[in-house]
Amino acid sequence: MASLENRPLPSLTAVAIATAIVAGLGGYFVGQASSLGLFQGSRHTKAAKEPVDSDEEEIEESSDEEELDDNGDIQNFTSSKEECKLVLVVRTDLGMTKGKIAAQCSHATLACYKYFLRRAPNSPILQRWERLGQAKVAVQVKSEEELELLQAQAISLGLCAQVIHDAGRTQIASGSATVLGVGPGPKSEVDKVTGHLKLL
Ligand SMILES: *[C@@H]1O[C@H](CO)[C@@H](O)[C@H](O)[C@H]1NC(C)=O
């Protein structure tokens, strides 16, 4: 009995070892193939087909990094001692994901900041905003026309107003205006442009 029970064991072990070797080799070759880039094509196809559900990160780049909208001279609003804020006006008609909105708002904040650094680096407005918490508020509009109208209004008041256009590699048509940054500027001045808009 003992010898009968023991007998199958070595062969089972042999099968297990053989399986492990084959699995190991298989894994090795899969690893080699993937490091050689053999699977890259299919991986890209998959990511392109389902960009929204995919867990893969989406790299967001602005379409033309160095191109800022010309806002002319930014007013100093020297008579105002108010706190300053930056308002991010987001289009909701494009169906952007939360992640995309976050990236586009970051682009808008940076574009406004860069405009100040280039055109009004010593602006008391920028200094006050930086010192006091860099307040930002996100509001919404439903069309590109509204965004452009608000930008024109802001510029006519001497505020900074930068529209971000998407590079369009993933979710939406290339070049779409996505977010308008207004400010930083004194709260009551910015509210003349965006005060009537609903929060995002
Ligand atoms: C605003 O103030 C800064 C610093 O005092 C000055 O350099 C700049 O010319 C002023 N800009 C305008 C538009 O008045």
Side-chain angles (χ1 to χ4, degrees), residues 58-168 170-172 175-200:
E58 285 180 32
I59 310 290
E60 289 285 349
E61 291 166 6
S62 57
S63 52
D64 197 349
E65 245 235 286
E66 294 309 306
E67 190 91 8
L68 295 175
D69 294 338
D70 189 1
N71 295 165
D73 280 338
I74 303 292
Q75 287 305 306
N76 283 331
F77 302 102
T78 37
S79 59
S80 161
K81 292 283 165 277
E82 265 182 306
E83 271 184 53
C84 293
K85 69 176 177 183
L86 172 71
V87 173
L88 299 156
V89 186
V90 179
R91 272 179 72 186
T92 54
D93 58 310
L94 293 170
M96 294 185 279
T97 60
K98 286 178 195 165
K100 184 155 204 85
I101 290 174
Q104 298 296 307
C105 285
S106 304
H107 284 319
T109 301
L110 209 51
C112 288
Y113 190 70
K114 280 185 176 177
Y115 193 84
F116 267 92
L117 289 191
R118 280 183 207 172
R119 297 290 295 266
N122 302 314
S123 164
I125 299 295
L126 186 66
Q127 286 168 7
R128 213 184 310 157
W129 184 66
E130 282 199 86
R131 253 202 328 273
L132 301 171
Q134 303 124 38
K136 301 170 199 73
V137 181
V139 298
Q140 51 179 294
V141 293
K142 290 189 173 64
S143 70
E144 182 156 352
E145 292 70 43
E146 271 183 272
L147 215 62
E148 280 164 3
L149 200 67
L150 294 166
Q151 182 185 31
Q153 260 181 288
I155 292 171
S156 73
L157 290 173
L159 290 163
C160 179
Q162 296 289 320
V163 171
I164 301 306
H165 294 271
D166 186 63
T170 47
Q171 296 168 17
I172 61 176
S176 309
T178 55
V179 174
L180 161 70
V182 179
K187 277 183 175 172
S188 63
E189 294 297 326
V190 177
D191 280 343
K192 286 179 189 169
V193 183
T194 62
H196 63 292
L197 298 172
K198 258 180 30 179
L199 293 175
L200 182 66

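Index from 1, following the sequence.
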Does Arg128 pair with Glu83 as a salt bridge, N-O distance under 4.0 Å?
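Not counted as a salt bridge, because no side-chain N and carboxylate O are separated by less than 4.0 Å.
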
Heavy-atom donor-acceptor pair, [X] side chain to [Y] backbone, under 3.5 Å:
| X | Y | value |
| --- | --- | --- |
| Trp129 | Ala135 | yes |
| Arg91 | Ala177 | yes |
| Asp70 | Gly72 | yes |
| Gln134 | Glu130 | yes |
| Ser176 | Ile172 | no |
| Gln162 | Cys112 | no |
| Ser123 | Ala120 | no |

Distance (rounded to the nearest 0.5 Å) between [X] [atom1] and [Y] [atom2]:
| X | Y | atom1 | atom2 | value |
| --- | --- | --- | --- | --- |
| Leu200 | Ile101 | CG | CD1 | 5.5 Å |
| Thr194 | Lys187 | OG1 | NZ | 11.5 Å |
| Cys84 | Leu126 | SG | CG | 9.0 Å |
| Leu180 | Leu147 | CG | CG | 5.0 Å |
| Ile164 | Asp69 | CD1 | CG | 7.5 Å |
| Ile125 | Cys160 | CD1 | SG | 11.5 Å |

How about [X] and [Y]: do any of their side-chain heavy atoms sit closer than 4.5 Å?
| X | Y | answer |
| --- | --- | --- |
| Pro184 | Phe116 | yes |
| Leu68 | Lys114 | yes |
| Gln104 | Asp166 | yes |
| Thr109 | Leu86 | yes |
| His165 | Thr178 | no |
| Val182 | Leu150 | no |
| Val163 | Val179 | no |
| Leu199 | Val137 | yes |

Can you list everything that forms a side chain to side chain contact (heavy atoms under 4.5 Å, CB included) with Gln127? Sequence neighbours excluded, please.
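Partners of Gln127 by the side chain to side chain contact (heavy atoms under 4.5 Å, CB included) criterion, ordered by chain and then number, come out as Arg131.
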
If the condition is side chain to side chain contact (heavy atoms under 4.5 Å, CB included), which residues does Ile155 pass it with, not counting sequence neighbours?
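By the side chain to side chain contact (heavy atoms under 4.5 Å, CB included) rule, Ile155 matches Asn71, Gln151, Ala161.
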
Going by distance alone, is a donor N or O of one side chain under 3.5 Å from an acceptor N or O of the other, for Ser188 and Glu82?
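Short answer, yes.
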
Testing the basics here: between Cys105 and Leu88, what is the closest heavy-atom pair and its distance to 0.1 Å?
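For Cys105 and Leu88, the tightest heavy-atom pair comes out as O-CD2, 3.8 Å.
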
Could you report the tightest heavy-atom contact between Lys192 and Leu157, atom names first, then the distance?
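Heavy atoms only, the tightest pair is CB-CD1, 3.9 Å.
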
Checking Val90 against Val139 for the side chain to side chain contact (heavy atoms under 4.5 Å, CB included) test, could you report, in this order, the C-alpha distance in whole Å, the side-chain angles of both residues, the deciding distance, and whether it holds?
CA-CA 6 Å; Val90 179; Val139 298; over 6 Å; no

